[in-house]
*Asks:* 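My structure is below; once you've seen it, I'll send some questions.
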Amino acid sequence: MEAPQSAKGPGDPRAKGRGAPHAEGEAPPLPAPGGGSRADTRERARMTVRNRRAASWTVPADRWAAGKAASRIVEAVRAWGYRHPDEDTIGRCTALLVGAAVADHGRRISVHAADQDGMLLIVVLSHRRGPAPEDDALLPRIAAVTGTAGCGTDAAEDGRRVWVLLETRPRPVFPDAAPARPVRD
């Protein structure tokens with residue numbers, strides 16, 4: 001028995017899209033950006049997170065992006081069972097990462113959070129090709145946030161990546177320790 005054919009199969013003149021015939025006088029469909037087909041554009045390099053809990057979101061690159069991203073990250077981290085880092089730490093780091101990505105002047109950014117060896121990895125991609133604006137103070141500002149175990153930035157085919165690795169266990173407090181004294185000359 002033959003399978004029924006679609007009413008808009010490749011031979012049907014009413015079919016729309018790539019490779020479909022078009023009526024006389026009608027313009028053929030436009031090619032995908034960059035001259036490739038849609039399949040070519042879907043094959044681009046992407047960030048991959050494997051073998052760990054992860055969540056990701058795409059948000060418009062606007063002044064509200066940091067707040068949206070931080071609240072989503074906190075929600076995901078709490079769902080994974082972590083009580084640390086606290087909301088303030090996540091908010092400060094996210095604001096720095098998102099601020100750097102928004103400064104690249106793309107239309108959107110993507111935010112990724114992952115559980116990495118008992119630590120929280122937050123990565124923000126700008127999705128803007130080309131050189132990123134110079135900001136020599138960015139990494140020291142991220143590293144200065146309490147609970148930061150590491151941070152970095154690099155350029156990839158899909159834009160600039162900025163990341164931070166945060167501790168998920170609170171730092172021990174030593175109640176018997178004497179407070180630090182300032183050193184005087």
Side-chain angles (χ1 to χ4, degrees), residues 33 41-42 44-175 177 179-180 182-183:
T41 59
R42 288 187 183 140
R44 68 181 186 258
R46 294 181 182 218
M47 190 179 102
T48 304
V49 177
R50 294 186 180 148
N51 302 324
R52 64 192 61 160
R53 294 179 285 197
S56 60
W57 309 270
T58 301
V59 294
D62 58 27
R63 66 182 186 187
W64 298 281
K68 291 176 191 176
S71 66
R72 290 176 181 173
I73 292 169
V74 168
E75 185 178 322
V77 169
R78 299 301 178 253
W80 297 338
Y82 290 119
R83 293 184 305 153
H84 297 279
D86 61 20
E87 290 182 29
D88 182 55
T89 300
I90 292 172
R92 288 176 60 204
C93 285
T94 303
L96 291 166
L97 299 175
V98 168
V102 169
D104 290 351
H105 302 292
R107 291 185 313 172
R108 65 186 168 91
I109 60 169
S110 59
V111 179
H112 306 268
D115 175 9
Q116 179 171 320
D117 301 325
M119 299 181 110
L120 173 62
L121 173 66
I122 303 172
V123 181
V124 178
L125 284 85
S126 68
H127 295 284
R128 174 78 183 211
R129 292 184 180 176
E134 292 294 322
D135 185 358
D136 294 334
L138 175 64
L139 294 180
R141 285 194 320 258
I142 296 170
V145 176
T146 302
T148 299
C151 60
T153 184
D154 65 290
E157 286 187 27
D158 50 352
R160 176 165 62 157
R161 269 190 295 244
V162 187
W163 59 270
V164 65
L165 190 60
L166 297 172
E167 298 172 1
T168 56
R169 293 177 191 88
R171 292 188 175 184
V173 177
F174 301 104
V183 177

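Just so we're clear, the structure is a prediction, and the values are computed from it rather than from any experiment.
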*Asks:* What distance separates Trp163 CH2 from Gln116 CD, expressed to the nearest 0.5 Å?
*Replies:* 8.0 Å
*Asks:* Applying salt bridge (Lys or Arg N to Asp or Glu O under 4.0 Å), which residue pairs with at least one partner in residues 90-105 are found, sequence neighbours left out?
*Replies:* Asp104-Arg160
*Asks:* Which pair of heavy atoms, one from Ser126 and one from Ile109, lies closest together, and at what distance?
*Replies:* CA-CG2, 4.2 Å
*Asks:* Could you grab the distance from atom CZ of Arg128 to atom CZ of Arg107, nearest 0.5 Å is fine?
*Replies:* 10.0 Å
*Asks:* Quick one: pull up CD in Glu167 and CG in Leu120 and give me the separation to the nearest 0.5 Å.
*Replies:* 11.5 Å
*Asks:* Scan for side chain to side chain donor-acceptor pair (under 3.5 Å) pairs involving residues 64-73, sequence neighbours excluded, and state none if there are none.
*Replies:* none
*Asks:* Tell me every residue that passes side chain to side chain contact (heavy atoms under 4.5 Å, CB included) with Ala55, counting only those two or more places apart in sequence or in another chain.
*Replies:* Trp57, Ala76, Trp80
*Asks:* What residues, two or more places apart in sequence or in another chain, satisfy side chain to side chain contact (heavy atoms under 4.5 Å, CB included) together with Glu87?
*Replies:* Val74, Arg78
*Asks:* Of the non-hydrogen atoms in Pro60 and Ala65, which two are nearest, and what is the gap between them?
*Replies:* O-CB, 3.4 Å
*Asks:* Once salt bridge (charged side-chain N to carboxylate O under 4.0 Å, His left out) is applied, do any residues pair with Arg141, and if so which ones, sequence neighbours excluded?
*Replies:* Asp135
*Asks:* What are the two closest non-hydrogen atoms of Ile90 and Thr94, and how far apart are they?
*Replies:* O-OG1, 2.7 Å
*Asks:* Please give me the minimum heavy-atom distance between Cys93 and Leu166, naming the atom from each residue.
*Replies:* SG-CD2, 3.7 Å
*Asks:* In chain order, what residues pass the salt bridge (charged side-chain N to carboxylate O under 4.0 Å, His left out) check against Asp154, with sequence neighbours excluded?
*Replies:* Arg161
*Asks:* Val162 versus Ile142: any side-chain heavy-atom pair under 4.5 Å?
*Replies:* yes
*Asks:* State, yes or no, whether a side-chain contact exists between Val145 and Val164 at a heavy-atom distance under 4.5 Å.
*Replies:* no
*Asks:* For Asp88, what residues pass the side chain to side chain donor-acceptor pair (under 3.5 Å) criterion, not counting sequence neighbours?
*Replies:* none
*Asks:* Taking only residues two or more places apart in sequence, or in another chain, which ones meet Ala95 in a side chain to side chain contact (heavy atoms under 4.5 Å, CB included)?
*Replies:* Ala66
*Asks:* Working to the nearest 0.5 angstrom, can you tell me the gap between Leu138 CG and Cys151 SG?
*Replies:* 7.5 Å
*Asks:* Partners of Thr58 by side chain to side chain contact (heavy atoms under 4.5 Å, CB included), sequence neighbours excluded?
*Replies:* Arg108, Ser110
*Asks:* Any salt bridge (Lys or Arg N to Asp or Glu O under 4.0 Å) involving residues 54-65? Give me the pairs, sequence neighbours left out, ordered by first then second residue.
*Replies:* none
*Asks:* Look only at the side chain of Thr168 and the backbone of Gly118, and say whether a donor-acceptor pair between them is shorter than 3.5 Å.
*Replies:* yes
